[in-house]
J.: 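Before anything else, here's the structure in question.
No experiment lies behind these values; they were computed from the predicted model shown. All values below come from the heavy atoms of this structure, side chains included, with hydrogens, waters and symmetry mates left out. Proteins come first, then strands; the chains are lettered A, B, ... in the order of their sequence lines, and each starts at number 1.
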Amino acid sequence: MVGDMRGEISGLSPRLISPHRHPRAMRTHYTAEINPSLDGETVRVCGWVHDIRNLGGIAFLLLRDREGIVQITLIKKEIGKEMFKEITSLPRESVICVEGRVQRSEQARMGVEILPASVKVLNRAKTPLPLGVADRVGAELDTRLDNRFIDLRKPEVLAVFRIRHSLLAGIRDALMREGFIEVHTPKIIATATEGGTNLFPVRYFERDAYLSQSPQLYKQILMAAGFDRVFEVAPAFRAEEHDTSRHLNEFISIDVEMSFTDEEGAMGVLERALVSGIERVLEERERELETLGVQPHLPELPFTRITYDECVDIASRKGVEVEWGEDLSAEALKAVGEEIPTYYFITRWPMECKPFYVLPFEDDPRYGRAFDLMFGDREITSGAQRNHIPDLLRETMVKKGLNPKNFEFYLRAFEYGMPPHAGWAIGLERITMIVAGLKNIREATLFPRDRNRLVP
RNA sequence: GCCCUGGUAGUGUAGCGGCCUAUCAUGCGGGCCUGUCGAGCCCGCGACCCGGGUUCAAAUCCCGGCCAGGGCGCCA
């Protein structure tokens, strides 16, 4: 772990202003920037006491910051008995600033060490720690989440969030390159967006309101407003009772909506955005990927497209029966995922198992212009060309058991010039999970909200 | 929400009716040690999820609760 943290500051933009140039900056360098070429120079580094190895007359203190770990070498004869005692008895995870001289060293693993002139203790950690950072024993996810502020100090945990950052940056860049405007729609809403999922009720002064499960209706309204191409990165809330390693009750949804195109146009944007995100991770996060021991697969464009009916065939050939019109079961998706162990689209879904806002095909209205983006047997996105024909939309809502009266604010937008449009939504934690090779979605979010967890 | 499995020091675990004054590791406290890099050695500290029950006797068996892990359903 320590060895993985050598080298330059990871993944900083070339336009970045050095964080140490600020006049009030306490440090002159991140630990990762201390290298043998600084031999003889005086530097100041700040961070956490990762570990101390006291050999009696000499001690080695490993100082950790966001970028890595550097060795502080304490020689009793040089710094004096008292200072030696004071520093070597600091509890792990205390926060200190060390000013000292850089020394090239064959014996130090990083090829360099710092001989301190002064050590300032900024915050002494209590003992024992609720969770070890440098410990050799593991900890269960639940214990880690209860003590997330310490858990996040672990380089391999931080790595997940730097990967997530780069992934989102790559996706956002691709969308901006293609002319999408970033928007923010309300998260406190009056009615259910799509029906089906449960919403969290909130008190909105003297009225009942809900937390938004999806920006779906609002981003469609923006198509009527002529925004043409929009995207939103925002939380979505689902009051589902599910409690699994793939579900959260609050997650970040990347939503896209675009006018004057069909579902194939939306799929094109999605596959380019996803490839851009993975490319960015590969460019900027080599070190973090190494820390986690994963190598994300960079898919080729365009992704494979197969229809729902083809999936049903593949499943039944493998002995998994699917009733036409039903959503594909976990078992059926497993059968299909075995055939295509990478990213691919499932297209041409039955209207029965898709939401009301999907546009049916003109030639066969039993099918809708919907698609799912899959990774093996895991669903990561769904999207569609939307139904922009108001009469047909009302009709479909009734068929789905929804009352159009509750959606007047939405339906009105279709009556005065609504262009054809399409879009999709992707769960940021879900793709982070795939790219970073995580087993539990909770690891892809800082402070997860699930069926049982509301704190921290 | 359903099915299965489990909850033992700060952390991760062993024990599964009396050999438990509860194992081991890590951690923490103290001591020794001038080149560690999973440092080493010596001494010490620290735990049976909660509530009922069965039994001469419960960490161990039974019931309820809470929490967790694995599967399924639903979904992004």
Side-chain angles (χ1 to χ4, degrees), chain A residues 1-3 5-6 50-62 69-79 84 88-89 91-93 103 105-111 113 125-147 150-151 194 196-198 213-216 235-255 326-331 333-334 353-355 372-375 378-383 424-434 439-442 444-445 450-453:
Chain A
M1 184 210 297
V2 173
M5 292 193 65
R6 281 171 290 172
H50 187 72
D51 195 14
I52 299 171
R53 289 189 267 273
N54 185 354
L55 277 67
I58 189 169
F60 305 96
L61 183 155
L62 300 182
I69 288 177
V70 73
Q71 176 166 291
I72 313 296
T73 301
L74 306 149
I75 300 166
K76 196 190 252 174
K77 270 201 311 209
E78 292 184 14
I79 64 171
F84 187 86
T88 54
S89 59
R92 281 181 178 184
E93 299 304 315
Q103 187 169 70
S105 165
E106 292 290 309
Q107 288 138 303
R109 176 171 274 186
M110 298 133 194
E113 62 193 1
K126 262 178 39 175
T127 62
L129 293 165
L131 184 69
V133 177
D135 278 30
R136 302 178 212 162
V137 294
E140 292 203 5
L141 185 58
D142 204 44
T143 309
R144 292 173 47 203
L145 293 174
D146 283 341
N147 301 284
I150 292 182
D151 184 54
E194 306 170 21
T197 32
N198 295 312
Q213 56 157 167
S214 157
Q216 182 63 32
F237 306 92
R238 306 268 163 103
E240 296 291 340
E241 295 281 349
H242 49 218
D243 191 14
T244 77
S245 54
R246 297 175 299 281
H247 291 95
L248 292 168
N249 293 297
E250 176 179 350
F251 65 95
I252 297 298
S253 178
I254 305 169
D255 267 84
E326 296 271 288
D327 203 355
L328 297 170
S329 65
E331 210 186 350
L333 289 177
K334 210 177 152 215
C353 58
K354 286 292 171 187
D372 277 10
L373 175 64
M374 306 293 300
F375 179 75
R378 286 189 268 176
E379 181 192 338
I380 47 181
T381 309
S382 47
W424 44 263
I426 186 164
L428 179 56
E429 290 82 1
R430 283 232 171 140
I431 18 169
T432 302
M433 211 178 152
I434 289 164
K439 287 204 193 79
N440 194 313
I441 197 161
R442 281 156 249 241
T445 193
D450 63 35
R451 184 66 185 86
N452 298 301
R453 185 175 289 279

J.: Taking the side chain as every heavy atom from C-beta outward, state whether Arg238(A) and Phe251(A) have any pair of such atoms under 4.5 Å apart.
T.: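 With C-beta onward as the side chain, the pair touches.
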
J.: Is A59(B) paired to anything, Watson-Crick or G-U wobble with both distances less than 3.5 Å, and if yes, which nucleotide?
T.: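 Check on A59(B): unpaired, no WC or wobble geometry under 3.5 Å.
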
J.: Contact class for Leu248(A) vs. all strands (heavy atom < 4.0 Å): base, sugar-phosphate, or nothing?
T.: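 If one applies the 4.0 Å heavy-atom cut-off, Leu248(A) turns out to touch a base.
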
J.: Please report, rounded to the nearest Å, how far the P atom of G1(B) is from the CG atom of Asn249(A).
T.: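 Those two atoms, CG and P, are 12 Å apart.
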
J.: Using the side-chain heavy atoms of Ile58(A), tell me which of these nucleotides is nearest: G35(B), G73(B), A76(B).
T.: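 Given the options G35(B), G73(B), A76(B), the side chain of Ile58(A) is closest to G35(B).
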
J.: Base, sugar-phosphate, or nothing for Leu55(A), non-hydrogen atoms under 4.0 angstrom?
T.: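 Answer is base: heavy atoms of Leu55(A) come under 4.0 Å of a base.
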
J.: Does Glu113(A) get its side chain close enough to the base of G35(B), under 3.5 Å, for a donor-acceptor pair?
T.: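 Yes, the side chain and the base share a sub-3.5 Å donor-acceptor pair.
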
J.: What nucleotide, of C74(B), G12(B), A68(B), holds the atom closest to the side chain of Thr143(A)?
T.: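 My answer, after comparing the listed nucleotides, is G12(B).
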
J.: Would a distance-only check, ignoring hydrogens and angles, find a side-chain to backbone donor-acceptor pair under 3.5 Å from Arg92(A) to Ala125(A)?
T.: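 Checked: no pair found.
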
J.: What integer number of Å spans the C1' atoms of G17(B) and A59(B)?
T.: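 After rounding to an integer number of Å, I get 10 Å for this pair.
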
J.: Over all strands shown, is Ala236(A) touching base, sugar-phosphate only, or nothing at heavy-atom distances under 4.0 angstrom?
T.: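 Nothing, no heavy atom under 4.0 Å.
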
J.: Got Glu429(A) and Ile252(A) here, is their nearest side-chain heavy-atom distance under 4.5 Å?
T.: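 SC-SC contact between Glu429(A) and Ile252(A) confirmed.
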
J.: Heavy-atom distance under 4.5 Å between the side chains of Ile441(A) and His247(A), does that happen here?
T.: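 No, too far: nothing below the 4.5 Å cut-off.
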
J.: Please say which of Leu145(A), Asp146(A), Asn147(A) ends up in a side chain to side chain contact (heavy atoms under 4.5 Å, CB included) with Thr143(A).
T.: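 Answer to the side chain to side chain contact (heavy atoms under 4.5 Å, CB included) test with Thr143(A) among Leu145(A), Asp146(A), Asn147(A): Asn147(A).
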
J.: For G40(B), what is the paired nucleotide under Watson-Crick or G-U wobble rules, both distances under 3.5 Å?
T.: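 Because both required distances fall under 3.5 Å, G40(B) counts as paired with C32(B).
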
J.: Could Arg442(A) and Asp142(A) be called an ion pair, given the rule that one side-chain N must be under 4.0 Å from one carboxylate O?
T.: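 No, this pair does not count.
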
J.: When the C1' atoms of C19(B) and C37(B) are considered, how many whole Å apart are they?
T.: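 Nearest-Å result for C19(B) against C37(B) at atom C1': 44 Å.
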
J.: Contact class for Ser245(A) vs. all strands (heavy atom < 4.0 Å): base, sugar-phosphate, or nothing?
T.: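 Since no nucleic acid heavy atom lies under 4.0 Å of Ser245(A), the category is nothing.
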
J.: What is the distance, to the nearest angstrom, from the NZ atom on Lys77(A) to the P atom on C33(B)?
T.: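 Going from NZ in Lys77(A) over to P in C33(B) covers 14 Å.
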
J.: Can you tell me how far P in U60(B) sits from the matching atom in G53(B), rounded to whole Å?
T.: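 Each nucleotide's P atom is 14 Å from the other's.
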
J.: Check Ser253(A) against Ala425(A) and note the closest heavy-atom contact, atom names and distance.
T.: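 Heavy atoms only, the tightest pair is OG-CB, 3.9 Å.
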
J.: Quantified in whole Å, what is the P atom distance between nucleotide G6(B) and nucleotide C74(B)?
T.: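 Nearest-Å result for G6(B) against C74(B) at atom P: 28 Å.
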
J.: Tabulated below should be each protein N or O lying under 3.5 Å from an N or O of nucleotides 23-32 of chain B; please produce it.
T.:
residue: U26(B); atom: OP1; partner: Arg136(A); partner atom: NH1; Å: 3.3
residue: U26(B); atom: O2'; partner: Asp135(A); partner atom: OD2; Å: 3.3
residue: G27(B); atom: OP1; partner: Arg92(A); partner atom: NH2; Å: 3.4

J.: Which value, in whole Å, describes the distance between the P atoms of nucleotides C2(B) and A58(B)?
T.: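 Those two atoms are separated by 33 Å.
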
J.: Is there a Watson-Crick or G-U wobble partner for G27(B) with both distances under 3.5 Å, and if so, which one is it?
T.: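 When the pairing criteria are applied, C45(B) turns out to be the nucleotide that pairs with G27(B).
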
J.: Would you say the side chain of Asp51(A) lies within less than 4.5 Å of the side chain of Phe60(A), judging by non-hydrogen atoms?
T.: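 Answer no - side chains too far apart.
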
J.: When you compare the ring of Phe60(A) with the six-membered ring of G35(B)'s base, are the centres less than 5.5 Å apart and the planes under 30° from each other?
T.: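 Taking the rule of under 5.5 Å and under 30°, the ring of Phe60(A) does not stack on G35(B).
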
J.: Does G64(B) pair with anything, Watson-Crick or G-U wobble, both distances under 3.5 Å, and if so, with which nucleotide?
T.: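 Base-paired to C50(B).
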
J.: In whole Å, measure the gap between the P atoms of A47(B) and A22(B) for me.
T.: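 The answer is 10 Å between these two P atoms.
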
J.: Arg430(A) side chain: which of A76(B), A68(B), G12(B) is closest?
T.: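 From the listed options, A76(B) comes nearest.
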
J.: Look at atom CD of Glu331(A) and say whether more than 12 heavy atoms of other residues, nucleotides or ligands are closer to it than 6.0 Å.
T.: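 Not more than 12 within 6.0 Å, no.
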
J.: Indicate yes or no: at least one non-hydrogen side-chain atom of Ile69(A) is less than 4.5 angstrom from one of Met110(A).
T.: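 Counting from C-beta outward, Ile69(A) and Met110(A) do come under 4.5 Å.
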
J.: Nearest nucleotide by nearest heavy atom, which residue falls closer to the 5' end of RNA chain B, Gly132(A) or Ile441(A)?
T.: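 Checking each residue's closest nucleotide, the 5'-ward one belongs to Gly132(A).
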
J.: Can you work out whether Glu326(A) or Asp142(A) has the more 5'-proximal nearest nucleotide on RNA chain B?
T.: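 Closer to the 5' end of RNA chain B: Asp142(A).
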
J.: Within this structure, what is the CZ-to-P distance between Arg378(A) and G71(B), rounded to whole angstrom?
T.: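 Arg378(A) atom CZ is separated from G71(B) atom P by 12 Å.
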
J.: Taking atom P in both G30(B) and G70(B), what distance in whole Å separates the two?
T.: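 G30(B) and G70(B) have their P atoms separated by 39 Å.
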
J.: Side chains of Thr73(A) and Glu78(A), heavy atoms from C-beta outward: is any pair under 4.5 Å?
T.: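 Not touching, per the 4.5 Å side-chain cut-off.
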
J.: Contact class for Gly138(A) vs. all strands (heavy atom < 4.0 Å): base, sugar-phosphate, or nothing?
T.: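 Contact class for Gly138(A): sugar-phosphate only.
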
J.: Both distances below 3.5 Å, Watson-Crick or wobble geometry, any strand: find the nucleotide opposite C72(B).
T.: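 Base-paired to G1(B).
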
J.: Which nucleotide, if any, forms a Watson-Crick or G-U wobble pair with U21(B), using both distances under 3.5 Å?
T.: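 Across all strands, not a single nucleotide pairs with U21(B).
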
J.: Which one, U36(B), G69(B), C75(B), comes nearest to the side chain of Gln71(A)?
T.: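 Selected nucleotide: U36(B).
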
J.: From C-beta outward on Arg246(A), which listed nucleotide comes closest to its side chain: C74(B), U34(B), U13(B)?
T.: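 Of C74(B), U34(B), U13(B), C74(B) is nearest to the side chain of Arg246(A).
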
J.: Without decimals, in angstroms, what is the distance between Lys439(A) NZ and G71(B) P?
T.: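 So the two atoms are 11 Å apart, to the nearest Å.
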
J.: Rounded to the nearest Å, what distance is computed from the CD1 atom of residue Ile72(A) to the C1' atom of nucleotide G35(B)?
T.: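 Taking CD1 of Ile72(A) and C1' of G35(B), I get 15 Å after rounding.
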
J.: Under 4.0 Å between a side-chain N or O of Thr381(A) and OP1 or OP2 of A76(B)?
T.: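 No, because none of the side-chain N or O atoms of Thr381(A) sits under 4.0 Å from OP1 or OP2 of A76(B).
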
J.: Between U11(B) and C16(B), how many Å separate the two C1' atoms, rounded to a whole number?
T.: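 So the two C1' atoms sit 23 Å from each other.
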
J.: Can you tell me the distance, in whole Å, between the CD1 atom of Ile79(A) and the C1' atom of G35(B)?
T.: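 Going from CD1 in Ile79(A) over to C1' in G35(B) covers 15 Å.
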
J.: Provide, to the nearest angstrom, the distance between the CG atom belonging to Leu61(A) and the C1' atom belonging to C37(B).
T.: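 To the nearest whole Å, that distance equals 13 Å.
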
J.: Taking any heavy-atom pair under 4.0 Å as a contact, classify Ser253(A): base, sugar-phosphate, or nothing.
T.: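 The answer is nothing, as Ser253(A) stays clear of every strand by at least 4.0 Å.
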
J.: Distance check needed: A68(B) P versus Leu141(A) CG, whole Å only.
T.: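 Atom CG in Leu141(A) sits about 10 Å away from atom P in A68(B).
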
